[in-house]
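Positions are given from 1, in the same order as the sequence printed here. Source: prediction; values computed, not measured.
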Amino acid sequence: MKVEKLVEMIGSDFYAGVPDSQLKALCNYLMNTYGIDPKHHMIAANEGNCAALAAGYHLATGKIPVVYMQNSGEGNIINPAASLLNDKVYGIPVVFIIGWRGEPGIHDEPQHIYQGEVTVKLLEDMDIEVFIVGKETADDEIAGKMEEFRSILASGKAVAFVIRRGALSYDEKTEYRNNHTMVREEIIKHILAVSGKDPVVSTTGKASRELFEARAANCQPHKYDFLTVGSMGHSSSIALGIALHKTGQRIWCIDGDGAVLMHMGSMAVIGAYKPDNLIHIVINNEAHETVGGMPTAAATADLAAVARACGYPYTAKANSYEELDKELEAVKAGSQLCFIEVTCSIGARENLGRPTTAALDNKVSFMNYLKEL
């Protein structure tokens, strides 16, 4: 169905969300209609953040908000959905719009398979009534379900539209860009030229895909890298766990701005432990690029200053390849916890592939390599 029709049927004037490729039509519609506007549309750090923003909107206006997200974010809403929104607590009504990645029977990436299997069950376990929207779902079916939902919302409960692949469409074009010049794939190549055979932990999305292809282009083994699939925002904590137990080995973490914002508290933990063998690099393109390019709040945040405030003893920011190379050589030569924020343009090769090895194989080869160090 046309996304404009779904928005009209729901009838809300406030949306908070974390972008999802399955909901690209909705995301682009909201950006073209509202942009980033605290009165109508906010892109949050994580899905729990969205639920809390929705609660605040309802408390201030008495109206019903909408939270949109990928189904991988259901874990982040379990706590606020069960302890804040639930009708046994504050009874705050919310309409969830959830992109269904990993739907059973539909081929998808490994991180989505189990999440897809439990998507509807998790919602039902939280007493959230679900309606599934597919390509063949008629507009009048959705309109009728929304009328049923209104009585549920009036009782202080949440409801959810779970959106199958290709169910929503939007005809208008939306272009996302920034003013930075460096390209993420080239940034990763510069990092690998310095990191050598050191282990690397990379964040979910295109960064890991580009890392995989860069190793192949360099005729290097993939055993050096742990490619985090899913678990957005947790790569730096994985790297911390490795660094604390492989104290004689330098560990690199290639992170993204959306991931850092999603679980920024991990930086405070890293700064508290200060492993002298961890180098944390955040490639900041100010966008959720892997799922479409919608902006993050990192455009107005000084991530290097955040790292400094969290206790990282060495922090820097690179806006050019020359600055990047200088900082990479500096941190490799040092012996302290380091952080580099690297500004980056939005975009990737159209023919960018995906890892050709299974996630379990990646884990085993990486663990075997760590044993050698």
Side-chain angles (χ1 to χ4, degrees), residues 45-46 178 180 182 184 186-196 198-205 207-208 210-211 224-226 228 231-247 249-287 289 296-345:
N46 61 54
N178 60 37
H180 304 306
M182 284 192 283
R184 184 183 51 250
E186 291 302 316
I187 291 169
I188 289 172
K189 291 177 181 178
H190 281 246
I191 294 170
L192 295 188
V194 177
S195 65
D198 291 341
V200 175
V201 177
S202 59
T203 189
T204 189
S208 281
E210 289 166 343
L211 173 59
Y224 302 143
D225 309 319
F226 183 81
T228 309
S231 298
M232 183 171 170
H234 294 303
S235 293
S236 62
S237 295
I238 295 169
L240 172 64
I242 297 168
L244 292 174
H245 295 279
K246 284 289 180 181
T247 54
Q249 174 60 51
R250 183 183 295 107
I251 307 297
W252 300 70
C253 177
I254 299 176
D255 217 339
D257 55 298
V260 163
L261 292 172
M262 184 162 281
H263 294 294
M264 190 177 277
S266 61
M267 290 177 65
V269 177
I270 294 169
Y273 282 94
K274 288 185 176 57
D276 59 13
N277 59 332
L278 178 59
I279 297 171
H280 188 184
I281 301 172
V282 177
I283 301 175
N284 183 3
N285 64 0
E286 305 168 5
E289 187 192 328
T296 70
T300 56
D302 185 340
L303 298 180
V306 171
R308 196 156 51 248
C310 286
Y312 287 64
Y314 185 95
T315 64
K317 186 171 184 175
N319 296 306
S320 68
Y321 292 117
E322 293 76 16
E323 292 177 358
L324 173 61
D325 290 340
K326 178 183 175 182
E327 291 301 335
L328 290 173
E329 293 293 345
V331 298
K332 183 172 183 178
S335 58
Q336 58 184 339
L337 170 63
C338 299
F339 180 94
I340 306 174
E341 178 184 357
V342 188
T343 58
C344 178
S345 60

Return the minimal non-hydrogen interatomic distance between [X] and [Y], and the atom names on each side.
| X | Y | value |
| --- | --- | --- |
| S208 | T228 | OG-N, 3.9 Å |
| Y224 | G196 | CD1-O, 4.4 Å |
| V201 | S235 | CG1-O, 3.6 Å |
| N277 | A243 | ND2-O, 3.1 Å |
| V200 | S195 | CG2-OG, 4.2 Å |
| P199 | Q249 | CD-NE2, 3.3 Å |

Looking just at side-chain N and O atoms, do Y312 and H280 make a donor-acceptor pair shorter than 3.5 Å?
yes

In terms of side-chain heavy atoms, does H180 have a donor or acceptor partner in N285 at a distance below 3.5 Å?
no

For K274, I'd like to know if atom NZ has over 12 heavy atoms of other residues, nucleotides or ligands within 6.0 Å.
yes

Between L278 and I242, is the side-chain contact (heavy atoms from CB on, under 4.5 Å) condition met? List the steps.
CA-CA 9 Å; L278 178 59; I242 297 168; over 6 Å; no

[X] side chain near [Y] side chain, heavy-atom distance below 4.5 Å:
| X | Y | answer |
| --- | --- | --- |
| D225 | I254 | no |
| T315 | L303 | no |
| E327 | Y314 | yes |
| E329 | D325 | no |
| C253 | I279 | no |

Are T204 and H234 close enough, and set up right, to give a side-chain contact (heavy atoms from CB on, under 4.5 Å), and what steps lead you there?
CA-CA 9 Å; T204 189; H234 294 303; over 6 Å; no

Chi angles and distances behind the side-chain contact (heavy atoms from CB on, under 4.5 Å) call for L211, I191:
CA-CA 10 Å; L211 173 59; I191 294 170; over 6 Å; no

The test is salt bridge (charged side-chain N to carboxylate O under 4.0 Å, His left out); show your working for K326 and E323 and say whether it passes.
CA-CA 5 Å; K326 178 183 175 182; E323 292 177 358; over 6 Å; no

Under a 3.5 Å distance rule, please check whether [X] uses its side chain to pair with a backbone N or O of [Y] as donor and acceptor.
| X | Y | value |
| --- | --- | --- |
| D255 | T203 | no |
| D257 | A287 | yes |
| K332 | V194 | yes |

P275: which of I251, L240, T247 passes side-chain contact (heavy atoms from CB on, under 4.5 Å):
L240

Name of the residue among N319, I187, V282, N284 meeting side-chain contact (heavy atoms from CB on, under 4.5 Å) with C344:
I187

Rounded distance (nearest 0.5 Å) linking atom CZ of R250 with atom CG of D276
10.0 Å

Distance in Å, M232 CE paired with N46 CG, rounded so as to fall on 0.5 Å steps:
9.5 Å

